[in-house]
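To find a chain, count down the sequence lines: A is the first, B the second, and so on, and within it residues start at 1.
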Amino acid sequence: MACVAKKCGVRFQPPSVILIYKEKDKFRRRVMPVRNFSQFSDCGVAAEQLKNNPRHKAYLEGVSLRQLEKLCRLLKGHLGGESLAESLGKLQQEETIDPEEDMNKLDDEELAKRKSIMDELFEKNRKKKDDPDFIYDIEVEFPQDEQLESCGWDAESCEEV
Amino acid sequence: MAERPREDVPSEAGAEEAVKIICLGDSAVGKSKLLERFLLDGFRPQQLSTFALTLYQHHARVDGKAVLVDFWDTAGQERFQSMHPSYYHKAHACIMVFDVQRKVTYKNLSNWYKELREFRPEIPCIVVANKIDADMKVTQKSFNFARKLSLPFYFVSAADGTNVVKLFNDAIKLAVTYKQNSGDFMDEVMQELESFDLEKKSEDLSDQEDSSPEEKPPSS
């Protein structure tokens, strides 16, 4: 079956995931109820159940587990009384680093979360030892002369140091 | 201290010199990733979880001499905003790291530096701006913290490797030079105090053992 997922969203009442997909030049809509789901459910598990559901499996091939989990998080937020904007804000916040946050003050779990977000970029930019263009010793000079624009982080602390 | 790391005697065969280099900086600035990039597979970290500390050992050559390097890396201890004095004890150089994406880690450098100088007023200290791969534009900007204190300053990336090897090799050279030339006054005082302390203890012990108040020749 040639079906290409185009968009995937969520409907609060009754709790369902909605998929817009293309099949033989036609756009179709599939409504997949998320069953036995409450504000206390585990979104990871719910997403997996949906993705592995024999009736939906073929349609959801092009939808990542991560996206399904996020959609379930929206459902869960709604069932817990959050507004959509609040739930979206929370999701957004969990995926970005607040540059002002003092991570020295986080507990292990929270710190691990931040590290895993930053690790994504690290892995993306990473040159591994086994890469064909890997060079062990890369030296690049970045002269720090007076003409450079300030980083802007020194300003308030001129007298501090 | 049961897990007390070795004294700085070149204990492993072949090493003519041994130095200790410590890493400082906030949580998640990439200290461990820098070390791992430098050592690649060669690293065998030793976790001393009781002290929230990771040790990496490295064999280097400086001017033809075999040098055993102990890199000390924090393992969460920085979260107390301060390190245990033993972390600084007999360190010969310091690598101080911040994340160019997070201002607060740059701001905190002055706290780390202050603490470092309380314990090690003289050792070489390198300031490191990590994660330049995230935003290369920062390398076109000036960071005055290092310049004000006349400290060496490096832009590096643990991800793509820019200037990582140079950083560590330079740190090792600085540490060796420091150890050989400093005649660090405090180190000597500490050594005197330690041996003095031992002598005193052994005298105390012997006093308890035999009650005769005979004078013993000082054991040196």
Go through the steps for A/Trp153 and B/Asn144 under the test side chain to side chain contact (heavy atoms under 4.5 Å, CB included), then give the verdict. CA-CA 9 Å; A/Trp153 292 352; B/Asn144 283 333; over 6 Å; no
Candidate pair B/Lys166 and A/Glu141, rule side chain to side chain contact (heavy atoms under 4.5 Å, CB included), full reasoning: CA-CA 11 Å; B/Lys166 180 179 164 55; A/Glu141 279 206 35; over 6 Å; no
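A/Asp154 CG to B/Lys103 NZ: the interatomic distance, rounded to the nearest 0.5 Å, is 10.0 Å.
With chain B as the partner, the residue from A/Arg114, A/Arg126, A/Glu123 showing the most heavy-atom pairs under 4.5 Å is A/Arg126. Heavy-atom pairs under 4.5 Å with chain B peak, among A/Asp98, A/Leu111, A/Ile97, at A/Leu111.
For A/Asp107, the CG atom is densely surrounded, since the number of other residues' heavy atoms within 6.0 Å is greater than 12. Counting heavy-atom neighbours within 6.0 Å of A/Lys115 NZ, excluding the residue itself, gives a total of 12 or less.
Contacts between residues 129-138 of chain B and chain A, defined by a heavy-atom separation under 4.5 Å, are made by B/Lys131, B/Ile132, B/Asp133, B/Ala134, B/Met136. Listed in order of number, the residues of residues 128-140 of chain A that approach chain B to under 4.5 Å between heavy atoms are A/Lys129, A/Phe134, A/Ile135, A/Tyr136, A/Asp137, A/Ile138, A/Glu139, A/Val140. Contacts with chain B (heavy atom to heavy atom, under 4.5 Å) involve no residue of residues 72-81 of chain A.
For A/Met103, the parts sitting under 4.5 Å from any heavy atom of chain B are the backbone and the side chain alike. Interface residue B/Ala158: backbone and side-chain heavy atoms are both found under 4.5 Å from chain A. There is no contact between B/Phe168 and chain A, counting heavy-atom distances below 4.5 Å.
With salt bridges taken as basic N to acidic carboxylate O contacts below 4.0 Å, one links A/Asp108 and B/Arg79.
Annotation for B/Ser142 and A/Ser150: closest pair OG-CA, 3.4 Å, computed over non-hydrogen atoms.
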Can you list, pair by pair, the side-chain donor-acceptor contacts under 3.5 Å of residues 23-34 of chain B, counting residues two or more places apart and other chains?
from	atom 1	to	atom 2	distance (Å)
B/Asp26	OD1	A/Asn104	ND2	3.1
B/Asp26	OD1	B/Asn108	ND2	3.4
B/Asp26	OD1	B/Trp112	NE1	2.9
B/Asp26	OD2	A/Asn104	ND2	3.4
B/Asp26	OD2	B/Asn108	ND2	2.7
B/Ser27	OG	A/Asn104	OD1	3.2
B/Lys31	NZ	B/Gly25	O	2.9
B/Lys31	NZ	B/Asp26	O	2.8
B/Lys31	NZ	B/Glu78	OE2	3.2
B/Ser32	OG	B/Asp73	OD2	2.5
B/Lys33	NZ	A/Asp119	OD1	2.9

